[in-house]
Amino acid sequence: QVQLVETGGRLVQAGESLRLSCDASGNIASISAMGWYRQTPGKQRDSVAIIVEGGNTYIDDSVKGRFTISRDNSKNAVYLQMNSLKPEDTAVYYCNADVSIFRDSRKVSFTAWGQGTQVTVSA
């Protein structure tokens with residue numbers, strides 16, 4: 001079983017910074033891509049930033065220049081540094097990871113999701 005736990009979400013004022021963390025635990029053989037997504041009520045979950053195992057990143061245009069994604073492979077962790085926050089960044093932020101585990105001596109791959117952490121940016 002694999003668990004992803006996000007931390008760091010809270011209420012901040014516009015212009016402030018936050019750092020979200022996501023720790024993956026369980027019987028993990030390897031993790032390829034890790035990413036951050038966000039969702040507001042009534043809307044679909046959108047990608048914010050993705051980082052692959054080699055370190056290449058994808059940053060959505062809406063946060064480019066303000067958000068940075070990084071990962072620590074030794075800790076199975078991914079981080080989202082959010083600077084110059086705006087009210088429109090308010091959302092529940094989820095992390096995910098493309099993980100591989102060993103099950104019955106076979107390697108099984110799937111995408112795991114965290115439970116989400118609320119980020120609220122006041123004007």
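In this chain, residues are counted from 1 in sequence order.
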Minimum heavy-atom distance [X]-[Y], with the two atoms named:
X: I31; Y: A97; answer: CG2-CB, 3.9 Å
X: N83; Y: S17; answer: OD1-OG, 2.9 Å
X: A14; Y: P87; answer: CB-CD, 4.1 Å
X: K64; Y: I59; answer: CE-O, 3.2 Å
X: A77; Y: D23; answer: CB-OD1, 3.4 Å
X: A29; Y: K107; answer: CB-CE, 4.5 Å

Heavy atoms, side chains only, cut-off 4.5 Å: are [X] and [Y] in contact?
X: Q115; Y: E6; value: yes
X: V12; Y: T120; value: no
X: V119; Y: L20; value: yes

Exercise: do E88 and T90 side chains pair donor with acceptor under 3.5 Å: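 No, T90 and E88 have no side-chain donor paired with an acceptor closer than 3.5 Å.
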
Check: S109/S100 side-chain N/O donor and acceptor closer than 3.5 Å: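 The criterion, which ignores hydrogens and geometry beyond distance, is satisfied for S100 and S109.
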
Disulfide (SG to SG under 2.5 Å) contacts in which one or both residues fall within residues 38-83, not counting sequence neighbours: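 Listed once each, the pairs would be none.
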
Pairwise disulfide (SG to SG under 2.5 Å) hits with a residue in residues 5-107, at least two apart: C22-C95

ring-ring contact (aromatic ring centres under 6.0 Å, His included) pairs, two or more places apart, involving residues 5-24: none

Evaluation steps, side chain to side chain contact (heavy atoms under 4.5 Å, CB included), between L18 and L85: CA-CA 8 Å; L18 270 182; L85 282 161; 4.0 Å; yes

Derivation and outcome, side chain to side chain donor-acceptor pair (under 3.5 Å), residues T111 and N96: CA-CA 7 Å; T111 299; N96 82 350; 5.3 Å; no

Cluster companions of W113 among Ile, Leu, Val, Met, Phe, Trp, Tyr (side-chain spacing under 4.5 Å):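 Taking Ile, Leu, Val, Met, Phe, Trp and Tyr as members, W113 shares its hydrophobic cluster with Y37, I50, Y58, V92, Y94.
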
Nearest 0.5 Å, please: how far is [atom2] in [Y] from [atom1] in [X]?
X: I69; Y: I51; atom1: CD1; atom2: CD1; value: 5.5 Å
X: Q39; Y: D46; atom1: CD; atom2: CG; value: 8.5 Å
X: L80; Y: W36; atom1: CG; atom2: CH2; value: 6.0 Å

Give a yes or no on whether [X] and [Y] share a hydrophobic cluster (residues Ile, Leu, Val, Met, Phe, Trp, Tyr; joining criterion: side-chain heavy atoms under 4.5 Å apart).
X: V2; Y: V108; answer: yes
X: F67; Y: V52; answer: no
X: M34; Y: F110; answer: yes

Partners meeting side-chain contact (heavy atoms from CB on, under 4.5 Å) with R106 (sequence neighbours left out):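 Partners of R106 by the side-chain contact (heavy atoms from CB on, under 4.5 Å) criterion come out as none, since no residue qualifies.
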
Cation-pi check, R71 onto Y79 ring (under 6.0 Å, within 45° of axis): no

Evaluation steps, side chain to side chain contact (heavy atoms under 4.5 Å, CB included), between E16 and M82: CA-CA 8 Å; E16 292 186 344; M82 306 186 292; over 6 Å; no

Any donor-acceptor N/O pair, Q118 side chain to R10 backbone, under 3.5 Å: no

Q13 side-chain N/O to S122 backbone N/O, donor-acceptor pair under 3.5 Å: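 No, because the side chain of Q13 does not come within donor-acceptor range (under 3.5 Å) of the backbone of S122.
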
Pairing residues for R38 by the salt bridge (charged side-chain N to carboxylate O under 4.0 Å, His left out) criterion, not counting sequence neighbours: D89

More than 12 heavy atoms from other groups under 6.0 Å of CD on Q3: no

